[in-house]
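Note sheet for the following structure.
A, B, ... follow the sequence lines: proteins, then strands. Residue 1 opens every chain.
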Number of protein chains: 2
Amino acid sequence: MPAKKYHHGDLENALIQAGVDILFQEGIEGLSLRKVAKRVGVSYAAPYAHFKDRQSLIAAISTEGFKQLYTTLDAAAAAHAGDPKQQLVEAAWAYIQFAMQNTAIFKIMFSGVLEKEKDYPAFVEISHKTFERVVEIVRACQDAGVLRSAPPELMTVSVWGQLHGVISLALEGQISHTVLDRFTIREIVSFGIEQMSLSKT
Amino acid sequence: MPAKKYHHGDLENALIQAGVDILFQEGIEGLSLRKVAKRVGVSYAAPYAHFKDRQSLIAAISTEGFKQLYTTLDAAAAAHAGDPKQQLVEAAWAYIQFAMQNTAIFKIMFSGVLEKEKDYPAFVEISHKTFERVVEIVRACQDAGVLRSAPPELMTVSVWGQLHGVISLALEGQISHTVLDRFTIREIVSFGIEQMSLSKT
DNA sequence: TCTAAAATCTTGACACTGTCAAGATTATCC
DNA sequence: GGATAATCTTGACAGTGTCAAGATTTTAGA
């Protein structure tokens, strides 16, 4: 068991993980550089050896979130290879669940807490990769006649945009109780996908 | 011309307006109670006579944003009375434009900066009213056979969710350039609405 | 292996923030 | 007019992000 060393060893990842933990426990408000540092047991300025500033830490946490989201989506799709429509539905549901179970991280990923995404190549790469993965699923649906023919990226923005919009509004409490009292999120999402589908299952 | 009085006269609204101005000029980062107070020419603790805390000011600004959004949507719909589909398209476009022209306020309204919406009755009221206005437009579309028959609120969440999702992703830079290089936001939105429409125009 | 450079971490400092308490000033109402 | 309430100011405190200077450790080159 190593005693406290001057050098942490893997402070960068430790800080990211501590940030994730804080997000889970206290939400976005509780996330500060100093608190993250304290939680890891390191002085308040130590993070600056690894992150340029606060935004940079947030970018790293977001990147981590996207990695997890990508893995989840990919797994959901892979579990239903050969059935494009089911792939779409389950990937969509995985997206929703990720958002509901990791609300604080989801918001950081998508709700403008991160200001200049372009400055963070790793973030851009994984978020693009995630989008492309969804495009694949959508393209398969189009090939199978589940979704109508159109530029796949455009169709993806349309289908995924709806999904994203519904869950975003739900997380913000912006969906009327006249709806939430009568329909579950899953039903709302299913309805949305059926809306856009050609073949009914 | 009144010289500086000890009592401002209408500090509450002045603070809200100053907050809006700061949002336009500096974005969300620049919004602080002390800066708002300074801009109005009042001491840093003066706002506490009108707003319980920072969240309360943000709630007031969001409420103001919703009032404006409602007016805009209502005007767009009223301009096309008798043509439900056009009402939907133009209201949607008004929504998009509001988001693009008032990005910072839009984000505050919808992106979780405000934590406990329920604590602010005025906010809840106007946001519900706005939702209901959209439901009316959607219902008219259903009656006219433009949108399929379904519970209007559910259909509204679906249609409006898509709109909201697309513009949210766009504002966050999450829409791939392979899409944005080929399609305008208006085209994307139109595509989305056509997706859900029964009758093609 | 020894040493110079680089990486990492600590402490000190500064400006800024939200918030409260105590008191000053002004408006309101009986 | 005088009491009460509303409004505003100043002082204070704990947190915050960030930088600079220096301490410590690792790494790399000879």
Side-chain angles (χ1 to χ4, degrees), chain A residues 1-23 25-62 104 108 112-116 119-120, chain B residues 1-23 25-62 104 108 112-116 119-120:
Chain A
M1 58 198 73
K4 289 171 194 166
K5 295 180 300 186
Y6 193 91
H7 280 43
H8 179 281
D10 190 14
L11 184 57
E12 184 166 331
N13 285 317
L15 291 170
I16 293 172
Q17 191 51 53
V20 171
D21 292 347
I22 290 178
L23 280 179
Q25 295 166 18
E26 309 178 36
I28 302 173
E29 296 184 57
L31 184 65
S32 79
L33 274 181
R34 292 175 104 109
K35 198 183 285 181
V36 167
K38 176 173 286 181
R39 181 176 282 238
V40 175
V42 96
S43 79
Y44 52 77
Y48 285 87
H50 303 271
F51 301 101
K52 183 180 162 293
D53 54 16
R54 182 174 191 268
Q55 285 285 306
S56 181
L57 205 216
I58 291 179
I61 295 175
S62 301
I108 279 192
V113 183
L114 189 55
E115 302 281 333
K116 302 175 188 168
D119 293 355
Y120 307 97
Chain B
M1 54 201 76
K4 290 171 196 166
K5 295 181 297 184
Y6 193 90
H7 281 43
H8 179 281
D10 190 14
L11 184 55
E12 183 167 331
N13 285 318
L15 291 171
I16 293 173
Q17 191 52 51
V20 171
D21 292 347
I22 289 178
L23 281 178
Q25 294 166 18
E26 309 178 36
I28 302 172
E29 296 183 56
L31 185 65
S32 80
L33 274 180
R34 291 174 105 108
K35 198 183 285 182
V36 167
K38 177 173 284 184
R39 182 176 281 239
V40 174
V42 96
S43 80
Y44 52 77
Y48 285 86
H50 303 272
F51 301 101
K52 181 180 162 295
D53 54 17
R54 183 174 191 267
Q55 284 285 306
S56 180
L57 207 213
I58 291 178
I61 295 176
S62 300
I108 280 193
V113 183
L114 190 54
E115 304 281 332
K116 303 176 186 166
D119 293 354
Y120 306 96

I need the minimum non-hydrogen distance between [X] and [Y], along with the two atoms involved.
| X | Y | result |
| --- | --- | --- |
| A:V36 | A:G19 | CG2-CA, 4.0 Å |
| A:Q55 | A:V113 | NE2-O, 3.3 Å |
| B:I108 | B:S62 | CG2-OG, 3.0 Å |

Result block: side-chain N/O donor-acceptor pairs under 3.5 angstrom for residues 38-51 of chain A, not counting sequence neighbours:
from, atom 1, to, atom 2, distance (Å)
A:R39, NH2, A:Q25, OE1, 3.0

Atom pairs under 3.5 Å, N or O on each side, protein against nucleotides 10-14 of chain D: can you list them with distances?
from, atom 1, to, atom 2, distance (Å)
D:dG11, N7, B:Y44, OH, 2.3

Could you work out, with side-chain contact (heavy atoms from CB on, under 4.5 Å) as the rule, every residue matching [X], not counting sequence neighbours?
| X | value |
| --- | --- |
| B:D119 | B:K116 |
| B:N13 | B:D10, B:I16 |
| A:Q17 | A:V20, A:D21 |

ask   = Contacts to DNA chain D from residues 26-33 of chain A, heavy-atom cutoff under 4.0 Å, which residues?
value = A:S32, A:L33
query = Which residues within residues 48-60 of chain B lie with some heavy atom under 4.0 Å of an atom in DNA chain C?
reply = B:Y48, B:D53, B:R54
Spacing of [X] atom [atom1] relative to [N] atom [atom2], expressed in whole Å:
| X | N | atom1 | atom2 | value |
| --- | --- | --- | --- | --- |
| A:D10 | D:dT26 | CG | P | 15 Å |
| B:I22 | C:dC16 | CD1 | C1' | 14 Å |
| A:E12 | C:dC9 | CD | C1' | 15 Å |

request  = With the side chain counted from C-beta on, respond yes when B:E26 and B:L31 share a heavy-atom pair under 4.5 Å apart, and no when they do not.
outcome  = no
query = B:E12: what forms a side chain to side chain donor-acceptor pair (under 3.5 Å) with it, not counting sequence neighbours?
reply = none
note = Sorted by chain and residue number, the side chain to side chain donor-acceptor pair (under 3.5 Å) partners of B:E29 (sequence neighbours excluded) come out as none
